[in-house]
Amino acid sequence: MAESNSKTYPLDKIRNIGIIAHIDAGKTTTTESILYYTGKTHKIGEIDSGDTQMDWMDQERERGITIQSAATTSFWKDHRINIIDTPGHVDFTAEVERSLRVLDGAVVVFDGKQGVEPQSETVWRQADKYHVPRICFINKINQIGGDFFKSLSSIHERLSPNAFPIYIPIGFEKDLRGSVDLVRMKAYIYSDFKQDNLVEEDIPEDLKEQALEYRKELVEKVVEFDDALMEKYLEGGEITEEELVDVIRKATISGKFYPVLGGDGRGIAAKYVLDSVVAYLPSPADLPPVVGHKVGTGEELMVTSDENGPFVALAFKVQTDPYVGRLTYFRIYSGRAAAGSYLYNSTTGNKERLGRILLMYANKREELKEIKAGEIGAAVGLDATTGNTLCTEENPIVLEAIKFAEPVIGIVVEPKTSADRDKLGESLRKFTEEDPTLKVKSDEETAQTVLYGMGELHLEIIVDRMKREFGVEVVTGQPQVAYRESIHNKVRVEDKYIHQSGGRGQYGHVVIDMEPLEPGMGVSFEDKIVGGAIPKEFIPAVEKGIKAAAESGIVAGYPVVDVKISLVDGSFHEVDSSEMAFKIAASSAFRKAQQQAKPYLLEPIMAVEVVTPEDFMGDVIGNLSGRRGKIEGTSTRGTAVVIKAKVPLAEMFGYATDLRGMTQGRASFTMEPSHYEEVPAQVAEKIVSGRAK
């Protein structure tokens, strides 16, 4: 059963892991089994019954999906395992992004009937980006169509050739009854997936040859990570069990090797997962130091996992808890902090009081007196938000913040009654604080509030939460595409703002260069003033004016992106110049420059993957092409055909209904934001005239 929570664990006995996967692969069910076998729960929660610990929000239980990443702590074989169960739906990709930023390792769960799915690739790329070591668990191989080896092949084809089994299944589909451990060369059998103990036996005769073959492949691969072991192996020496465990661990932590196991995630297979997490995924002490920069000088600093070092932590998630209020989740990289102590937020420059420290079990909590390096906790009382660094004033350091994708779709939200108006503002403030991929914009022309998010489901969940958590009734408009504007040419313009109306006047004069940048670069500002043509104190006002003007471009009032503005010259008046005058001059210069630089409209393009029976392939491809889609290729997955395409988001509204109709409900699709692309001229004209109306 559970070990004592008050017990302190040395760094090498701590694991911070995420459970990541495509939607419906079985992440939450696998996590529920882990909680059961580590003694955190007395029964395995089931998605269909709506009684899971990790999916605790009403919206999660009703839809059977994970929406918010949930953190929990469990204990296994004298190790403390902090687990974050993340969403699989692409609309909630920010939850995966921020979790991977602070985790040391991950378990990637695959649906054994489907193998690698679109979101499996997305979370794999996110884990690559943060260099997170991972193990692969092929789930649902007990179900009809479940196939461990076919799924393993899809991992090799689509993710990495360096994924090797450390267990292989005994039995196929409904006859699955255990696994062969290729490290110990023993069979572990069960008669029921919910039983508590595995029975150790010799490897069945009919599997011996296959087991020896896979073990040989495993050994040949992992000895590449240890020169001495490689030499021993080439000389014909016997690799011991301990040596093999050590070298698999070393290979996994390198991020260039991925142990693979499989089973039925609803039960005892969780024990294989737990043993592998403890054996092969890194502790905080195994990982290289985290890079930060000294506040003020920008000097690079290395933060090592040391409980006695200066305190350094990263806030990675804000959540409003119905019982304790605002919770800030944070990962401690160095040092320790006690409840009631003061921390320095180096991102904002403010001192903050660490009121209470909580150890989270999904939506339940336990109070702690202190938290130390290598641990993940939640704090009550902090103002810190996602991506803020917490440290000491004596050692001010800033860690790299977390970058999130820009939202691609918006809806107008209007309060039903005047009483809802104030509550709407408060609820939106809290939600945007919690979720960095939510943006709120007021449309000045229509006086409407537009809420932007990552997809229709994302926005639907937020509107539902407004009603349930804040009692706000809202009316929503049709979904809107988050268009952007950019430019083709480089131009130089100057603008003056001179205003005289008795008394002191206003004078601001700027000369700017505007040039296009690579996609995804946003708006960049550079001060190139020499010789004091504009005093230093007015430069920030110029930048503010530029950024304000970029919020609403001249083509159709959408934000301007991927442009660089260089302030190259200007002049000032000893008496009349002010920050306001320079801000106005800069805004006006920006609009004039955009007008001259051949502006154009950008639209979000989605990566769409449709899985359909072959009979309907022609209809599906024709329909996607009719939606301005570019077909990128087709492949087979089992008996189905997989069609990959890039399609403008504007053309994808209502697609689910159309797809059901043309395939008798037998096809499914997923889509996620890919990139922004220039809108064709005739389409752009319609968008601009629609905005004008």
Side-chain angles (χ1 to χ4, degrees), residues 90-91 405-412 439 441 443-446 448 450-456 458-459 476-489 514 516-523 550-563 591 594-610 619-633 643-659 661-662 669-693:
V90 67
D91 282 15
E406 282 296 308
V408 294
I409 184 170
I411 51 169
V412 171
K439 298 274 189 295
K441 195 176 173 193
D443 192 313
E444 288 175 16
E445 291 172 16
T446 61
Q448 290 176 317
V450 186
L451 179 64
Y452 287 97
M454 297 306 293
E456 290 180 86
H458 188 200
L459 296 173
T476 58
Q478 287 297 310
Q480 303 176 0
V481 176
Y483 293 103
R484 297 282 184 267
E485 298 181 21
S486 196
I487 57 163
H488 282 298
N489 300 339
M514 177 184 273
L517 287 176
E518 290 292 308
M521 299 298 286
V523 178
E551 285 290 308
S552 180
I554 59 151
V555 179
Y558 291 106
V560 181
V561 294
D562 306 333
V563 296
R591 281 189 282 273
Q594 195 196 356
Q595 187 86 54
Q596 294 175 21
K598 205 178 168 194
Y600 63 94
L601 209 54
L602 285 159
E603 66 180 340
I605 305 295
M606 309 302 281
V608 178
E609 187 169 300
V610 184
D619 291 345
V620 171
I621 288 176
N623 184 276
L624 288 171
S625 299
R627 293 170 181 268
R628 296 195 282 126
K630 292 173 187 160
I631 308 300
E632 297 198 313
I643 300 160
K644 285 190 170 187
K646 294 282 196 304
V647 192
L649 173 62
E651 305 290 342
M652 287 301 290
F653 295 125
Y655 183 64
T657 307
D658 280 7
L659 185 65
M662 76 179 103
F669 81 101
T670 56
M671 69 174 182
E672 60 180 294
S674 171
H675 63 283
Y676 271 82
E677 211 170 83
E678 185 171 353
V679 179
Q682 65 269 40
V683 180
E685 279 172 29
K686 284 183 191 169
I687 295 165
V688 173
S689 61
R691 286 283 277 184
K693 282 176 193 171

Shortest non-hydrogen separation from [X] to [Y] and the atoms involved:
{"X": "Leu602", "Y": "Ser486", "result": "CD1-CB, 3.8 Å"}
{"X": "Arg484", "Y": "Pro407", "result": "NH2-O, 3.7 Å"}
{"X": "Ala482", "Y": "Pro604", "result": "O-CD, 3.8 Å"}
{"X": "Leu624", "Y": "Ala645", "result": "CD1-CB, 4.1 Å"}
{"X": "Ser674", "Y": "Lys646", "result": "OG-CE, 3.1 Å"}
{"X": "Met514", "Y": "Ala597", "result": "SD-CB, 4.4 Å"}

Pairwise distance [atom1]([X]) to [atom2]([Y]) - rounded to 0.5 angstrom:
{"X": "Phe653", "Y": "Ile409", "atom1": "CZ", "atom2": "CD1", "result": "4.0 Å"}
{"X": "Glu651", "Y": "Glu603", "atom1": "CD", "atom2": "CD", "result": "7.5 Å"}
{"X": "Gln594", "Y": "Ile554", "atom1": "CD", "atom2": "CD1", "result": "4.5 Å"}
{"X": "Gln480", "Y": "Leu649", "atom1": "CD", "atom2": "CG", "result": "11.5 Å"}
{"X": "Thr476", "Y": "Leu451", "atom1": "OG1", "atom2": "CG", "result": "10.0 Å"}
{"X": "Glu485", "Y": "Tyr600", "atom1": "CD", "atom2": "OH", "result": "11.0 Å"}

Report yes or no: does Asp562 contribute a side-chain atom to a donor-acceptor pair with the main-chain N or O of Leu517 at less than 3.5 Å?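 No, because the side chain of Asp562 does not come within donor-acceptor range (under 3.5 Å) of the backbone of Leu517.
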In plain terms, say whether Arg628 and Glu677 are close enough for a salt bridge, that is, a side-chain N and a carboxylate O under 4.0 Å apart. no
Please test Tyr655 against Met606 for side chain to side chain contact (heavy atoms under 4.5 Å, CB included), starting from the C-alpha separation and ending with a verdict. CA-CA 13 Å; Tyr655 183 64; Met606 309 302 281; over 6 Å; no
Side chain to side chain contact (heavy atoms under 4.5 Å, CB included) for Val408 and Tyr676? Distances and angles first, verdict last. CA-CA 10 Å; Val408 294; Tyr676 271 82; 4.2 Å; yes
